[in-house]
Number of protein chains: 2
Amino acid sequence: MDRSSSDADATRSRRATITDVAQLAGVSRSAVSRVFNAQGGISAATEERIRDAARKLHWTPSATAIALRSARSRTVGLVLNRPGVAEDGDPELPSGMFTGLEKVLARHDFGLLLHIATSVEHEEQTYRRLAEARRVDGVVLLESRVGDTRFELVRRLGLPAVLLGTPWVDDPISYIGHGPRGAGMREVAEHLLELGHRSIAAVSGPEDYVESSHRDRILREVLAAGGAGLVAHRPGPYTPVTAAERTRAILAQHPEITAIVYATDEMAIAGMATLREHGLRIPEDVSVVGYNGTDIGAWYSPALTTVRRDVSQRGRAAARALLGLMGVTVEASDEEVVDPELVIRASTAPPREAATATATAG
Amino acid sequence: MDRSSSDADATRSRRATITDVAQLAGVSRSAVSRVFNAQGGISAATEERIRDAARKLHWTPSATAIALRSARSRTVGLVLNRPGVAEDGDPELPSGMFTGLEKVLARHDFGLLLHIATSVEHEEQTYRRLAEARRVDGVVLLESRVGDTRFELVRRLGLPAVLLGTPWVDDPISYIGHGPRGAGMREVAEHLLELGHRSIAAVSGPEDYVESSHRDRILREVLAAGGAGLVAHRPGPYTPVTAAERTRAILAQHPEITAIVYATDEMAIAGMATLREHGLRIPEDVSVVGYNGTDIGAWYSPALTTVRRDVSQRGRAAARALLGLMGVTVEASDEEVVDPELVIRASTAPPREAATATATAG
DNA sequence: TTGAAAGCGGTACCAG
DNA sequence: CTGGTACCGCTTTCAA
């Protein structure tokens with residue numbers, strides 16, 4: 001009873017269309033359409049018949065037909081730019097962000113179309129294609145870059161867009177910025193200053209990433225104001241391998257540093273491994289701070305001091321903003337924008353000098 | 001020259017349609033269609049004019065119109081089932097898999113529609129919606145479960161599907177299985193046996209996940225054949241917190257164990273933290289093995305012994321299989337299916353007893 | 001080699 | 001309150 005029947009069903013029985021429903025209910029297609037678009041003007045009895053028919057036929061309006069008719073696909077595009085994927089790297093996806101985005105989009109019956117690009121050109125090419133083929137009604141832009149040409153591009157394409165980050169120049173694009181507080185770096189700097197660190201290094205993200213350079217700037221400013229210095233600053237891609245390499249370079253040139261701030265938790269972990277290879281203990285010899293990332297750092301030993309940010313919340317905010325731009329009425333959100341939070345764990349401690357000084361003083 | 005012109009362009013100039021192109025080229029719409037579908041039967045001169053016109057108008061066929069006309073959306077759906085997302089957990093996305101999938105799909109001009117469900121019911125509901133609204137031409141099923149009802153569901157929905165995993169029962173569904181070799185667990189078991197371990201525990205994934213139970217079974221079998229025992233076996237969700245909890249339970253009940261095999265690298269890291277809390281050294285007192293995951297384990301100290309699997313390759317294979325099912329001719333792939341590979345690092349070593357025995361014997 | 005016309009599955013305007 | 005009908009943008013016979 002099973003082997004062939006299901007196959008046959010799938011092949012034979014054409015899916016029901018609005019016409020089938022109308023016929024079964026004995027009404028016109030317009031009537032069916034009205035019922036399912038809550039336009040009113042249909043008698044209760046008729047509506048009942050129509051809904052019955054639809055239920056019986058398992059009918060749901062075709063998203064494609066609606067898309068054609070309304071010139072809206074109810075889909076949002078997201079292009080992840082991951083250079084290096086070509087070489088089979090397995091880049092981490094910003095998972096929290098996805099869940100945040102998807103949650104809000106799904107609630108409004110929007111889909112999320114994911115693409116992965118391997119270069120800036122490839123990325124822009126992808127937006128262009130998505131827009132021209134009208135596959136999406138809008139896009140979420142990730143990773144704000146210095147010199148970013150995407151705002152201009154999406155505008156030319158007539159594509160509503162929201163940037164998850166802060167634009168590098170004053171630009172009318174909608175964005176979910178990193179907030180006024182320096183994305184948590186102020187707290188990091190203050191924490192290190194309080195502990196007594198004066199020679200600090202940063203292994204940061206790509207130089208042309210707005211957020212990365214913003215974080216560096218805040219770090220540098222607050223440290224300077226506190227009488228300390230960012231003695232070394234090594235930008236680079238967000239990869240553990242780079243972090244290890246940068247850490248080695250810093251140790252070679254600035255053996256005096258007592259703390260290193262990494263751009264991600266993964267990089268911090270790779271950095272700690274490198275520090276250990278050099279016979280340095282954490283946090284006794286060098287304090288280490290991570291950022292964001294998974295909470296895997298909590299399990300590391302020593303547990304990693306880091307900055308936690310609610311990326312999922314940011315994703316939701318971006319989705320709401322984008323829906324608004326696309327003309328969808330979104331429920332007003334009472335959601336607070338939460339500031340990044342410094343999570344102090346065991347990888348930061350007073351530097352040896354300070355500890356000694358204190359001991360001597362005491 | 002810019003402030004208003006671009007805005008106006010976006011608002012005013014309706015996007016070009018095939019009719020515009022036809023008019024500009026002085027031909028019929030059919031002619032344009034033929035040119036862009038490589039159907040031949042158009043003189044070189046005409047084709048040239050048509051292409052010129054299209055270029056001038058920046059015209060690209062509308063994906064929605066094509067979708068309606070052809071009854072295919074050129075989109076593949078992927079529903080991630082992440083219970084717990086509701087509570088703001090940030091589940092890791094299987095990134096490598098996505099890049100693998102996307103790469104192949106994009107090459108064939110297919111999009112990847114991502115959804116996130118928070119329960120099995122929600123997940124099935126999502127497939128149903130996607131199918132009924134004809135938003136996708138097929139779906140990729142993740143995480144094969146015991147008692148899985150999705151195969152039956154997608155069949156009923158007439159939705160081509162490929163399971164990334166092995167079905168729990170003999171089922172006609174297409175799938176990219178975990179291979180005959182026990183997904184690398186045979187190697188893990190042999191490695192531990194060779195080192196001399198005899199009392200081994202497993203902190204594995206959810207009991208109703210086919211792959212998890214398969215891995216457990218292989219582990220148990222190979223260990224038994226080698227005269228060792230899987231003395232403790234604690235399934236649970238793939239989370240570090242669970243891993244820590246399970247590790248504590250194992251230590252309490254089976255202090256004699258000398259090695260623990262974890263379901264993921266993240267879990268292994270949490271487990272190692274727990275072992276340390278109990279004053280145990282790794283690998284001197286307890287050997288630890290992870291699985292898959294990011295390569296963050298390489299930077300852990302001690303570097304984590306794990307099983308590496310090319311998930312991106314599996315993603316590509318799934319995409320090719322699915323495209324095939326949907327009637328797309330995919331280039332024959334010369335890609336070898338690579339077996340999971342045991343990566344021996346520093347977290348595994350001979351157990352103390354064995355080490356002593358050897359020393360005594362030597 | 002090319003054009004005309006009939007849809008694909010809906011929506012919305014206009015009558016009645 | 002309900003039905004008829006002209007599209008949305010493209011593909012595909014069928015004729016010419």
Side-chain angles (χ1 to χ4, degrees), chain A residues 13-51 53-54 57-75 109 131-137 327, chain B residues 13-51 53-54 57-75 109 130-137 158 327:
Chain A
S13 75
R14 189 181 46 82
R15 297 183 124 100
T17 75
I18 197 171
T19 311
D20 301 326
V21 177
Q23 253 162 15
L24 182 55
V27 296
S28 73
R29 300 183 304 166
S30 347
V32 180
S33 174
R34 280 189 201 107
V35 166
F36 280 81
N37 289 294
Q39 303 219 304
I42 294 284
S43 73
T46 312
E47 165 155 5
E48 184 60 24
R49 282 216 316 288
I50 293 177
R51 291 205 180 276
L57 263 35
H58 280 110
W59 178 78
T60 307
S62 147
T64 11
I66 292 178
L68 178 59
R69 176 68 228 216
S70 67
R72 328 209 130 281
S73 59
R74 290 195 91 81
T75 304
D109 196 32
E132 283 170 359
R134 255 129 308 170
R135 260 174 168 283
V136 300
D137 294 340
Chain B
S13 75
R14 189 180 45 82
R15 298 184 123 97
T17 74
I18 198 173
T19 311
D20 302 325
V21 177
Q23 252 161 17
L24 181 57
V27 298
S28 73
R29 302 181 304 168
S30 348
V32 180
S33 173
R34 280 190 201 106
V35 166
F36 280 80
N37 290 292
Q39 304 217 306
I42 296 284
S43 72
T46 314
E47 166 155 4
E48 184 60 23
R49 282 213 319 289
I50 293 177
R51 289 202 181 279
L57 264 36
H58 281 110
W59 179 78
T60 308
S62 147
T64 9
I66 292 179
L68 179 58
R69 174 67 230 217
S70 67
R72 327 209 133 282
S73 59
R74 291 195 90 83
T75 303
D109 196 32
L130 288 176
E132 283 170 0
R134 255 130 306 171
R135 261 175 167 283
V136 300
D137 294 341

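Naming: A, B, ... by sequence-line order, numbering from 1 per chain.
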Nearest non-hydrogen partners of B/Thr75 and B/Arg135, listed with the distance
CB-O, 3.6 Å
Over all heavy atoms of both residues, which pair between B/Val21 and B/Ala54 is shortest? Give the atoms and the distance, please.
CG1-N, 3.8 Å
Interatomic distance, A/Thr60 atom OG1 to A/Arg15 atom CZ [nearest 0.5 angstrom]:
9.5 Å
Give the rounded distance in Å between these two atoms: [atom1] of [X] and [atom2] of [N].
X: A/Gln23; N: D/dG4; atom1: CD; atom2: P; result: 12 Å
X: A/Glu47; N: D/dT2; atom1: CD; atom2: C1'; result: 14 Å
X: A/Arg49; N: D/dC1; atom1: CZ; atom2: C1'; result: 12 Å

side-chain hydrogen bond (donor to acceptor under 3.5 Å, both in side chains) filter on B/Asp109, not counting sequence neighbours, yields none
Are side-chain heavy atoms of B/Glu132 and A/Trp59 found at a separation under 4.5 Å?
no
Indicate yes or no: at least one non-hydrogen side-chain atom of B/Arg34 is less than 4.5 angstrom from one of B/Ile50.
no
Intra- and inter-strand pairing of DNA chain C, written as dot-bracket with Watson-Crick and G-U pairs under 3.5 Å and | for the latter, reads ||||||||||||||||
Output, in order, the C-alpha distance, side-chain angles, deciding distance and verdict of side-chain contact (heavy atoms from CB on, under 4.5 Å) for B/Leu68 and A/Arg69.
CA-CA 10 Å; B/Leu68 179 58; A/Arg69 176 68 228 216; over 6 Å; no
Kindly say whether B/Thr19 contributes a backbone atom to a donor-acceptor pair with the side chain of B/Arg29 at under 3.5 angstrom?
no
One character per nucleotide, please: for nucleotides 3-10 of chain C, 5' to 3', B when the base has a protein heavy atom closer than 4.0 Å, S when only the sugar-phosphate does, - otherwise.
BBBBBBBB
